[in-house]
Amino acid sequence: MTASRRFAFSGLSRIVTAASIGLCLATGATAQSIATDVGASERINIAGQLSTLSQRIIASACNLNSGITVRESQAVLQISAQQFGVISEALLHGNRGMGVLGDETRARTLQVIDELNTAWGPLLEQATATAVAADDTAQIKALADQSDPLLRTANILVSEITGQYADPVALLHADALLIDLSGRQRTLAAQMSKNVCLIASGINVEEAQAELAKSAKLFSDTLSALRNGLESVGVRPPPTERIEEGLQFAVEEWDAVQPLLAQVQNGETIDQAARQRLFFAFLGIESRMNNVTVQYDKNSKLGL
């Protein structure tokens with residue numbers, strides 16, 4: 001592999017390495033002596049959704065504060081708040097409709113869920129208090145300042161659950177990795193949406209620009225790895241035609257957003273119409289990657 005290619009996938013390699021360490025160190029799943037699937041892949045999938053929601057709720061509050069796509073921003077904010085509670089409860093006590101069976105018993109996992117819920121409460125209260133077109137930069141800055149710590153805790157939870165439940169009896173490590181990586185794409189889409197709004201609103205601009213550039217590169221690199229496979233880090237090519245088609249659609253949607261995204265990254269001012277298009281585009285990409293993640297989840301069960 002050339003030096004430039006190593007650099008291109010350095011961020012992806014770090015994610016894969018972290019996931020692999022979690023898979024090697026965790027003992028929760030083996031201690032359970034799993035004879036039937038208790039929702040291993042579902043737990044990884046919905047835990048990843050908490051990371052996404054931590055970014056999406058700030059993106060929607062920021063757009064609502066700016067008067068961008070008001071009705072849709074309000075709806076996304078409310079849905080995000082509701083989903084977070086439902087998913088957190090499912091991880092704690094199970095939810096048969098979501099494919100998660102039984103109470104969580106592992107102390108470390110329970111601890112991280114509690115830490116995440118504790119951090120989520122104040123942020124949710126602030127976000128849901130956002131007024132339409134209030135142009136309250138102090139409020140949105142306060143939300144943005146909580147963004148990274150909340151996301152770090154959410155990602156720790158994903159790593160803990162991935163390590164805990166990736167067991168050859170119920171879920172192959174290779175499948176867990178694909179579910180984790182595709183799920184992280186949802187979070188990156190929401191994170192980019194958040195940062196576009198922060199930049200356009202003049203809030204934490206330098207920090208948001210740096211995070212946007214990093215997220216965009218990682219999203220592109222990971223999408224390429226999922227679409228084509230990347231043997232050097234253990235990422236297999238799409239295992240089914242439906243996943244391959246979903247990833248191809250994601251590539252096309254990602255390519256379509258590049259011109260506007262480049263304007264934001266270059267520090268150019270974009271109008272309200274462009275901000276609206278980007279808000280919807282990232283929601284669409286997030287939805288597309290969520291569908292792909294669900295397909296990876298389903299495919300992981302075919303050999304059981």
Side-chain angles (χ1 to χ4, degrees), residues 11 14-15 18-19 22 43-65 73 76-92 104 108-130 136-163 180 183-199 201 203-212 214-216 218-219 279 282-283 286 289-290 293:
R14 283 194 293 272
I15 288 177
R43 289 175 189 269
I44 295 171
N45 178 15
I46 66 174
Q49 289 181 6
L50 293 181
S51 296
T52 303
L53 293 171
S54 77
Q55 303 301 291
R56 190 210 290 165
I57 198 165
I58 300 174
S60 56
C62 178
N63 279 282
L64 183 62
N65 178 71
S73 296
V76 170
L77 195 156
Q78 292 168 359
I79 290 169
S80 299
Q82 181 184 27
Q83 285 180 329
F84 195 100
V86 171
I87 291 171
S88 178
E89 184 69 12
L91 291 173
L92 284 171
E104 180 57 61
R108 173 56 180 161
T109 304
L110 291 170
Q111 177 188 348
V112 181
I113 292 174
D114 181 66
E115 290 172 358
L116 185 60
N117 285 335
T118 299
W120 174 257
L123 182 140
L124 176 60
E125 185 176 349
Q126 287 180 315
T128 53
T130 303
D136 186 349
T137 57
Q139 185 209 11
I140 302 304
K141 185 181 187 308
L143 287 172
D145 290 343
Q146 298 174 68
S147 176
D148 285 349
L150 185 66
L151 180 58
R152 279 196 297 272
T153 304
N155 284 340
I156 289 171
L157 178 61
V158 176
S159 296
E160 291 290 339
I161 287 178
T162 300
D180 185 22
R184 286 175 188 259
Q185 294 291 81
R186 302 173 298 198
T187 301
L188 289 170
Q191 191 174 42
M192 287 186 281
S193 180
K194 175 200 72 176
N195 283 312
V196 165
C197 186
L198 292 178
I199 293 166
S201 302
I203 300 171
N204 294 355
V205 173
E206 291 186 6
E207 179 183 340
Q209 284 179 323
E211 191 175 84
L212 178 61
K214 180 179 178 181
S215 299
L218 186 54
F219 184 93
F279 180 67
F282 282 120
L283 284 176
E286 181 192 323
M289 291 309 307
N290 186 63
T293 305

Engineer: Which heavy atom of Ile161 sits nearest a heavy atom of Ile44, and at what distance?
Structural biologist: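 In terms of heavy atoms, the two residues are closest at CG2-N, 3.9 Å.
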Engineer: Is there a side-chain contact between Gln83 and Gln49 (heavy atoms, below 4.5 Å)?
Structural biologist: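 Gln83 does not reach Gln49 side chain to side chain.
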Engineer: For the atom pair CD (Gln55) and CG (Asn195), what is the distance rounded to the nearest 0.5 Å?
Structural biologist: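 CG of Asn195 is found 7.5 Å from CD of Gln55.
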Engineer: How far does CG of Leu218 sit from CZ of Arg184, to the nearest 0.5 angstrom?
Structural biologist: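 Interatomic distance, Leu218 CG to Arg184 CZ, rounded to 0.5 Å: 8.5 Å.
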Engineer: Do Leu143 and Ile57 touch side chain to side chain, with heavy atoms closer than 4.5 Å?
Structural biologist: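 Side chain of Leu143 against side chain of Ile57, heavy atoms only: no contact under 4.5 Å found.
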Engineer: Mind running side chain to side chain contact (heavy atoms under 4.5 Å, CB included) on Gln111 and Glu160 for me, showing each step along the way?
Structural biologist: CA-CA 11 Å; Gln111 177 188 348; Glu160 291 290 339; over 6 Å; no
Engineer: When you compare the side chain of Asp148 with that of Glu207, does any pair of heavy atoms fall below 4.5 Å?
Structural biologist: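 The answer is yes; the side chains approach within 4.5 Å.
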Engineer: Can Val76 and Leu64 be said to form a side chain to side chain contact (heavy atoms under 4.5 Å, CB included), step by step?
Structural biologist: CA-CA 10 Å; Val76 170; Leu64 183 62; over 6 Å; no
Engineer: Looking at Thr128 and Glu125, would you say the former's side chain and the latter's main chain have a donor-acceptor pair under 3.5 Å?
Structural biologist: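 Flag set: sc Thr128 to bb Glu125 pair under 3.5 Å.
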Engineer: Of all heavy-atom pairs between Ala190 and Ala59, which one has the smallest distance, and what is that distance?
Structural biologist: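 That would be O-CB, 4.2 Å.
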Engineer: Once rounded to the nearest 0.5 Å, what's the spacing between atom CD1 of Ile87 and atom CG of Leu157?
Structural biologist: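 The CG atom of Leu157 is 10.5 Å from CD1 of Ile87, to the nearest 0.5 Å.
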Engineer: With a 6.0 Å cut-off (strictly less than), is the heavy-atom count around CD of Gln82, excluding the residue itself, greater than 12?
Structural biologist: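 Open: at most 12 neighbouring heavy atoms sit under 6.0 Å from CD of Gln82.
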Engineer: So, for Asn63 and Ser73, which heavy atoms are closest and what is the spacing to 0.1 Å?
Structural biologist: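 Taking every non-hydrogen atom into account, CB-OG, 3.5 Å.
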Engineer: For Glu211 and Ile199, what are the C-alpha separation, side-chain angles and deciding distance, and is it a side chain to side chain contact (heavy atoms under 4.5 Å, CB included)?
Structural biologist: CA-CA 11 Å; Glu211 191 175 84; Ile199 293 166; over 6 Å; no
Engineer: With the side chain counted from C-beta on, respond yes when Ser201 and Ile140 share a heavy-atom pair under 4.5 Å apart, and no when they do not.
Structural biologist: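 Ser201 vs Ile140: side chains apart.
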Engineer: So, Gln191 and Ser215: side-chain donor and acceptor under 3.5 Å apart, yes or no?
Structural biologist: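 A pair is found: one side chain offers a donor N or O, the other an acceptor, under 3.5 Å apart.
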Engineer: Looking just at side-chain N and O atoms, do Gln146 and Gln126 make a donor-acceptor pair shorter than 3.5 Å?
Structural biologist: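 Checked: Gln146/Gln126 side chains pair up, N/O donor to acceptor below 3.5 Å.
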Engineer: How many angstroms lie between CG in Leu150 and OG1 in Thr118, if you round to the nearest 0.5 Å?
Structural biologist: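 OG1 of Thr118 is found 11.0 Å from CG of Leu150.
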Engineer: If every non-hydrogen atom of Ser54 is compared with every non-hydrogen atom of Leu151, which pair is closest and at what distance?
Structural biologist: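 Scanning both residues, the minimum pair turns out to be OG-CD1, 3.7 Å.
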Engineer: Within a strict 4.5 Å, meaning less than it, do heavy atoms of the Asn204 and Lys141 side chains meet?
Structural biologist: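 A side-chain contact under 4.5 Å exists here.
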Engineer: Between Ile46 and Ala90, what is the shortest heavy-atom contact and its length?
Structural biologist: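 It is CD1-CB, 4.1 Å.
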Engineer: Could you tell me the separation between the CG atom of Leu212 and the OG atom of Ser193, rounded to the nearest 0.5 Å?
Structural biologist: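 Atom-to-atom, Leu212:CG and Ser193:OG are 10.0 Å apart.
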Engineer: Show your working on side chain to side chain contact (heavy atoms under 4.5 Å, CB included) between Ile58 and Leu123 and close with a plain yes or no.
Structural biologist: CA-CA 9 Å; Ile58 300 174; Leu123 182 140; 4.0 Å; yes
Engineer: Do Ser88 and Asn117 get their side chains close enough for a donor-acceptor pair, meaning under 3.5 Å?
Structural biologist: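 There is such a pair between these side chains.
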Engineer: When rounded to the nearest 0.5 angstrom, what distance separates OG1 in Thr187 from CG in Leu50?
Structural biologist: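 Reported to 0.5 Å precision, the distance equals 9.0 Å.
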Engineer: Taking all non-hydrogen atoms of both residues into account, name the closest pair between Gln139 and Asn65 and its distance.
Structural biologist: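 Minimum heavy-atom separation between Gln139 and Asn65: OE1-OD1, 4.4 Å.
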